[in-house]
Amino acid sequence: MSAVAPDSGYTTGELQTIVAARSLAGKRSCFIGVGRPSTAALLARIVHNPKLVLVYESGTIGAKPHRVPLSIGDGELAQTADLVVSVPEMFNYWIGPGQVQVAFLGAAQVDRHANLNSTVIGDYDHPRTRLPGAGGAPEIATGCAEVVVIAPHGRRTFVERLDFMTTRGERTTLVITDLGVLEPRDGELTLTTLHPGVTVEQVQEATGWDLRVADQIAVSPQPSERELAALRELVNR
Amino acid sequence: MSAVAPDSGYTTGELQTIVAARSLAGKRSCFIGVGRPSTAALLARIVHNPKLVLVYESGTIGAKPHRVPLSIGDGELAQTADLVVSVPEMFNYWIGPGQVQVAFLGAAQVDRHANLNSTVIGDYDHPRTRLPGAGGAPEIATGCAEVVVIAPHGRRTFVERLDFMTTRGERTTLVITDLGVLEPRDGELTLTTLHPGVTVEQVQEATGWDLRVADQIAVSPQPSERELAALRELVNR
Amino acid sequence: MAELVSLQEAVAAVVKDGDSVALEGFTHLIPFAAGHELLRQGRRELELIRMTPDLLYDQMIGVGAARKLVFSYGGNPGVGSLHRFRDAIEHGWPGPLEVEEHSHAGMANRYVAGASKLPFMVMRGYSGTDLVAHTNVRQIACPFTGELLTAVPALNPDVAIVHAQEADRDGNVQLWGIPGVQKEAVLAADRSLVTVERIVERLEPRPGGVVIPGWVIDYVAHAPGGSQPSYALGITERDNDFYREWDVISRDREQFQVWMQAHVLGGEGA
Amino acid sequence: MAELVSLQEAVAAVVKDGDSVALEGFTHLIPFAAGHELLRQGRRELELIRMTPDLLYDQMIGVGAARKLVFSYGGNPGVGSLHRFRDAIEHGWPGPLEVEEHSHAGMANRYVAGASKLPFMVMRGYSGTDLVAHTNVRQIACPFTGELLTAVPALNPDVAIVHAQEADRDGNVQLWGIPGVQKEAVLAADRSLVTVERIVERLEPRPGGVVIPGWVIDYVAHAPGGSQPSYALGITERDNDFYREWDVISRDREQFQVWMQAHVLGGEGA
């Protein structure tokens, strides 16, 4: 994921983060977890959308962290938030009724309908790998109007059949990977955008089902100098 | 109600308030509305029970008003409370689950099972007198462990049949009137205590049903000088 | 994102004839100024929703602005009756008033359901009372224990109007003191207006502060003193004397009308 | 009324073998000191309840104190796996661990039901996921609209333990920062213990302050630093480095055991 893309001055991970950040231009509010989604949302506030409201499931609404937080409950999130609510209030008044517009989610497995597995690999009662579990994802994915999935593109992740259906994919609008972008077309994820230097065949090869490809395929714009500089400054804070 | 009791230096209303205050000795917390219940509870904090926690349905828990508040939402209640909660939290987390031990309630009509009417006199759709309605009473009366009803003793109030059943009486432990005290015995209100100078016949006359009388009738102790002085100082604040 | 506009513009933008309108504030922060402006603009056929109608709804009912009242306690707190409310129900004056009544716990949970965009909420209450036969609640069985509980239907008013101490220029609002059901009312409503005592550069977090972000509010209007004779903790005081005076003013139909004309309908902003 | 006692006394008084125990704190204010004391006292066969098991339950599971785990997210936030949690589920080490899992929204509403002493709460969620077949939720129809929703059963733990910034001598507690589900856990439980950073003469109301009155708490114990490596906002900082180190310490069974013996089981208070 952090391999350097051919003939470029950035890693594929950096590009994925930058593309995710771009998707938040013009959005009002975004629900984010830790890791790359958090980095992307902070980058969006710097480059595209300074008014973007960041919501973390710990209860911090309108958090303005200077550094990328390690956990969703870091002190800086509470200290910079417009309001801090209890976990029941977060889910009942903010997430469930759709007050938060966009959600960034990750997952260990994604299927062609953008359903997600973050529970187990293998059988539920005798799992090969026990994953962390649902967390807030199931209700976030059905509460927010738009869901953006951020995941590494490979056959372990993009699978024909989920080992466990943790989270429903019907509100997913974008799946942003390190190879390109998939979007639902008639309910099935379809390759619509390639990152620079990536081929359709590469993406199909990295997908565990017979991936649909849009008639017109776009290519993600290269990271701008501003985007790259802002991202690198951000992660080094 | 504020007539001077024969051969005494206090009004029957003062005595009623003082008897109500005494009932809060040794109690942990009390839910109160405005008027006489509020005065009685404040008096209890002065004379009998300085640690008594006062709870008003406006959301103020542990209020310590210096003056008897006019409304249940006076500013002093919020300013002196240990915590102030929303109305949903008040009913769902504090009243409903029985966190508040005693409730003081009033009513326009009381029946022999201590059921209360505070909704209408006459027919519901064409009332002779439209009363304020339920407010918090129904859930307070089923949430708190002990309910104390404070009402003026007369045939308009103590009725054979309620015009409207607003609030169930099964948790009522005391009905304190300006004539005496009724307590449930096998589910029916029974005269157990007379105020000084009042006769059983007077109470029966002022009750709209054939009132049961306990075998042993107590007489309320006269207001002490300390009680009377504290009450008068309180209402003059 | 909340727009900061004048009280007149805000009320004109959010309330139409026939709307269901919740002006909330539990004793504290009752939005009198907005309610009065709505009357000056001549709104009619309203479904008025409020846990405690208080003087404000007594006034609105008395001038004939309401078609229906949804409430849980219709008294003048600590004083006695709401005479215009009683006159409307007892004698149909100035016109018939449909009534839908609940307990406080029921209304509070109806707002919770509304804010949660759930069709109902579950509670213990109502059962065994005469309210069941006269209002819209249903029995529901717990699917785990079989216990019979009460379901109350969500309240999602067309409009919610509340008053708060302050807002910043982005329309973020902060109130403190008794919070009532204001947050729930704003989140439950289709459209919302918050009137505020003052506009500040930045909301300073306060003990007991309830913040409602501007992006869930439609309009914010500056209305200093806008909750009098109710109050805004720390800024204005409850005018308890006026609550007592209202008992006299409102007792007589004509005296009420003269007072309303002089103090509300012909007043500023008319 | 809460009794102010030592941590050892408090833990001994509230937790028995076999209890269902909720040590709550959402990332913030996780009651590590109380959890460690409970392990030093040798408690076993516990039903551990927590939305986010975090390092504390990884430790408790790893030493074999748990019979069952009730949770909604079992990860090391921002770092990766909880290795002892995984080892217990994947390989039954050090013993079998029964699992009951939910979503965050489900767990939060289960605590709400518990605090409200209602047998269940209603929400939208679970439907269409594989969780339905593996956990204890039921479908419920809205009696007004017919919509099918999800009912989650109340959580009423035998014991709730939470950490807060301060308490006064009457055992009234105040916490601020991320409040999580701590208030709900305390109100829902049969017995409760709050550990605090400091005892103060008087609780000064603070922005975001959540006050839990002493009369709904059984024990309060002074435990400065008691939520480390989690944190108490304004007093201690989250030890993010330790969260990363734990990934190494906990990966290997033996290394884990050595660390626990050195830092928890043989530590102070043993």
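Naming convention: chains lettered A, B, ... in sequence-line order (proteins, then strands); numbering from 1 in each chain. Computed from a prediction, not measured in an experiment: that's the story for all the values here.
- With chain C as partner, the option from D:Cys142, D:Gly209, D:Gly208, D:Ala154 having the largest number of non-hydrogen pairs under 4.5 angstrom is D:Cys142.
- D:Lys16 and D:Asp158 are not joined by a salt bridge, as no carboxylate oxygen comes within less than 4.0 angstrom of a charged side-chain nitrogen.
- Checked for salt-bridge contact, C:Glu204 and C:Arg202 meet the test: a charged N lies under 4.0 Å from a carboxylate O.
- Contacts between C:Ala141 and chain D at a heavy-atom distance below 4.5 Å involve the backbone alone (N, CA, C, O).
- The pair D:Glu45-D:Lys68 fails the salt-bridge criterion, with no side-chain N (NZ, NE, NH1 or NH2) lying under 4.0 Å from an Asp/Glu carboxylate O.
- The residues C:Arg110 and C:Glu184 are annotated as not salt-bridged, no charged nitrogen and carboxylate oxygen being separated by less than 4.0 angstrom.
- With a threshold of 4.5 angstrom between heavy atoms, D:Arg206 approaches chain C through N, CA, C or O but not through any side-chain atom.
- Contact annotation for C:Arg138: both backbone and side-chain heavy atoms come within less than 4.5 Å of a heavy atom of chain D.
- In this structure, no portion of D:Val112 lies under 4.5 Å from any heavy atom of chain C.
- Chain C forms more heavy-atom pairs under 4.5 Å with one residue of D:Pro205, D:Ala151, D:Ala113, D:Pro153 than with any other, namely D:Pro153.
- Contact of C:Met121 with chain D is made through the side chain alone, with heavy-atom distances under 4.5 Å.
- Contact of the D:Leu118 side chain with the C:Leu149 side chain is registered, since non-hydrogen atoms from C-beta on lie closer than 4.5 Å.
- Between D:His104 and D:Phe71, a ring centre-to-centre spacing not shorter than 6.0 Å is recorded.
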